[in-house]
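Note: hydrogens, waters and symmetry copies are ignored here, and every other heavy atom, side chains too, is used. Count residues from 1 along the sequence.
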Amino acid sequence: MDYTKNSNIGTSTRFWSIITAVVFAIDIIVLLLLCSGYSVIWLSQTYYLFLIGLNIVLLFILFHKCLTKRRLILALLSLSFAIFISCAAVWLFHPYQYFSYSSPKGTNHILIQYRKDLLEARISNYTIYQQKYGILMKKLPPKKITITVPEDVELTQKEVFDYMNPQWMGEDTVKIYSRQRPYVFRLK
């Protein structure tokens with residue numbers, strides 16, 4: 001077989017069609033997961049920067065390869081770049097922290113997403129997820145816990161929301177104590 005005729009795989013239309021289809025399929029799968037209440041753990045923890053960056057690279061290549069519809073591709077490229085910059089700024093300057101805990105027998109896992117207060121506003125945000133299938137996570141109700149601490153009160157993190165010591169009640173229920181009340185999460 002003579003490979004010298006079409007040795008530059010980067011110029012192959014079929015190659016870029018396959019790459020485009022793969023990236024589009026990944027985008028659709030992630031979108032369907034998000035619509036069903038699930039998200040991929042590592043994508044969520046990185047604010048989807050990898051996936052957005054992959055789409056930007058693909059759009060940039062398509063812009064240079066495609067002679068028609070350049071305005072549409074340029075508009076999508078600009079929008080993707082703006083989304084990437086905003087996600088990257090949040091990730092760099094005000095990131096979430098994640099803590100993972102297993103049930104006593106290790107059959108269930110929860111992830112606690114925590115963001116410290118911004119500019120000493122004394123507001124903390126928490127979201128509790130159940131880890132599913134090793135790579136997915138699903139939010140547990142209530143969807144988001146926001147706790148505000150008055151300025152004249154000095155509390156430790158344990159008193160505000162004790163996410164470091166979740167109390168397991170069996171394999172399917174976990175309780176986390178806060179300043180306001182205990183939160184009980186039932187895993188499905």
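- Of all non-hydrogen atoms in Cys87 and Ile52, the two that sit nearest each other are SG-CD1, 4.1 Å.
- Classified by interplanar angle (parallel below 30°, tilted 30° to 60°, perpendicular above 60°), the ring pair Tyr114/Tyr126 is parallel.
- Here the closest heavy-atom approach between residue Tyr47 and residue Val90 is recorded as CE2-CG1, 3.6 Å.
- Neither Ile28 nor Phe50 shares a network with the other; the hydrophobic side chains, linked directly or stepwise wherever heavy atoms of I, L, V, M, F, W or Y lie under 4.5 Å apart, form separate groups for each.
- Cluster annotation: Val174 is connected to Met164 through the hydrophobic network of ILVMFWY side chains, with a link wherever side-chain heavy atoms come within less than 4.5 Å.
- Between Leu187 atom CG and Lys138 atom NZ the span is 12.5 Å, to the nearest 0.5 Å.
- Of the possible polar contacts, one joining the Tyr101 side chain to the Tyr163 backbone as a donor-acceptor pair under 3.5 Å is found.
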- Evaluate side chain to side chain contact (heavy atoms under 4.5 Å, CB included) for Ile135 paired with Ile41, printing each intermediate quantity in order. CA-CA 6 Å; Ile135 62 167; Ile41 293 172; 5.6 Å; no
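- Surrounding CZ of Phe99 are more than 12 heavy atoms belonging to other residues, nucleotides or ligands, all under 6.0 Å away.
- Residues satisfying the side chain to side chain contact (heavy atoms under 4.5 Å, CB included) criterion with Arg181, sequence neighbours excluded, are Tyr183.
- Crowding of Phe60 atom CZ: a count of heavy atoms from other residues, nucleotides or ligands under 6.0 Å not exceeding 12.
- In this structure, Ser86 contributes its side chain and Ile83 its backbone to a donor-acceptor pair below 3.5 Å.
- If you chain together hydrophobic residues whose side chains sit under 4.5 Å apart, Met169 and Ile128 never meet in one group.
- Among all heavy-atom pairs drawn from Ser39 and Tyr48, the shortest one is CB-OH, 3.4 Å.
- Taking 4.5 Å as the limit, every side-chain heavy atom of Ile147 sits out of range of all side-chain heavy atoms of Ile123.
- Distance check, rounded to the nearest 0.5 Å: CG of Leu51 to CD1 of Ile26 gives 7.0 Å.
- How far CZ of Arg186 is from CG of Asn108: 13.5 Å, rounded to the nearest 0.5 Å.
- With Glu171 contributing its side chain and Lys105 its backbone, the two residues share a donor-acceptor pair below 3.5 Å.
- Atoms NZ and NZ, from Lys139 and Lys144 in turn, are 6.5 Å apart once rounded to the nearest 0.5 Å.
- The side-chain heavy atoms of Ile112 and Ile176, taken from C-beta on, include a pair separated by under 4.5 Å.
- Taking hydrophobic clusters as Ile, Leu, Val, Met, Phe, Trp and Tyr residues chained together by side-chain heavy-atom distances below 4.5 Å, Phe24 does not share a cluster with Leu76.
- The line from OG1 of Thr148 to CD of Gln180 is 7.5 Å long, rounded to the nearest 0.5 Å.
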- Message: What verdict does the side chain to side chain contact (heavy atoms under 4.5 Å, CB included) test give for Leu77 and Ile56, after you've listed the backbone C-alpha separation in whole Å, the side-chain angles of each residue and the deciding distance to 0.1 Å?
- Response: CA-CA 6 Å; Leu77 185 62; Ile56 288 173; 3.9 Å; yes
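- Counting only distance, with no hydrogens or angles, the side chain of Gln97 and the backbone of Pro95 share no donor-acceptor pair below 3.5 Å.
- When every heavy atom of Ala88 is checked against every heavy atom of Leu49, the shortest pair comes out as N-CD2, 3.6 Å.
- Across Ser102, Ser100, Ser103, a single residue satisfies side-chain hydrogen bond (donor to acceptor under 3.5 Å, both in side chains) together with His109, and that is Ser102.
- Residues Phe161 and Ser178 share a closest heavy-atom pair of CD1-CB, 3.5 Å.
- Under a 3.5 Å cut-off, the side chain of Gln130 and the backbone N or O of Lys188 do form a donor-acceptor pair.
- No more than 12 heavy atoms of other residues, nucleotides or ligands lie within 6.0 Å of CZ in Phe81, so this atom counts as exposed by the packing criterion.
- Note that CG of Asn55 and CG of Leu59 are 6.0 Å apart. Values are rounded to the nearest 0.5 Å.
- Enclosure of atom CH2 in Trp91 is not indicated, since only 12 or fewer non-hydrogen atoms of other residues, nucleotides or ligands lie within 6.0 angstrom.
- Cluster annotation: Leu136 is connected to Ile29 through the hydrophobic network of ILVMFWY side chains, with a link wherever side-chain heavy atoms come within less than 4.5 Å.
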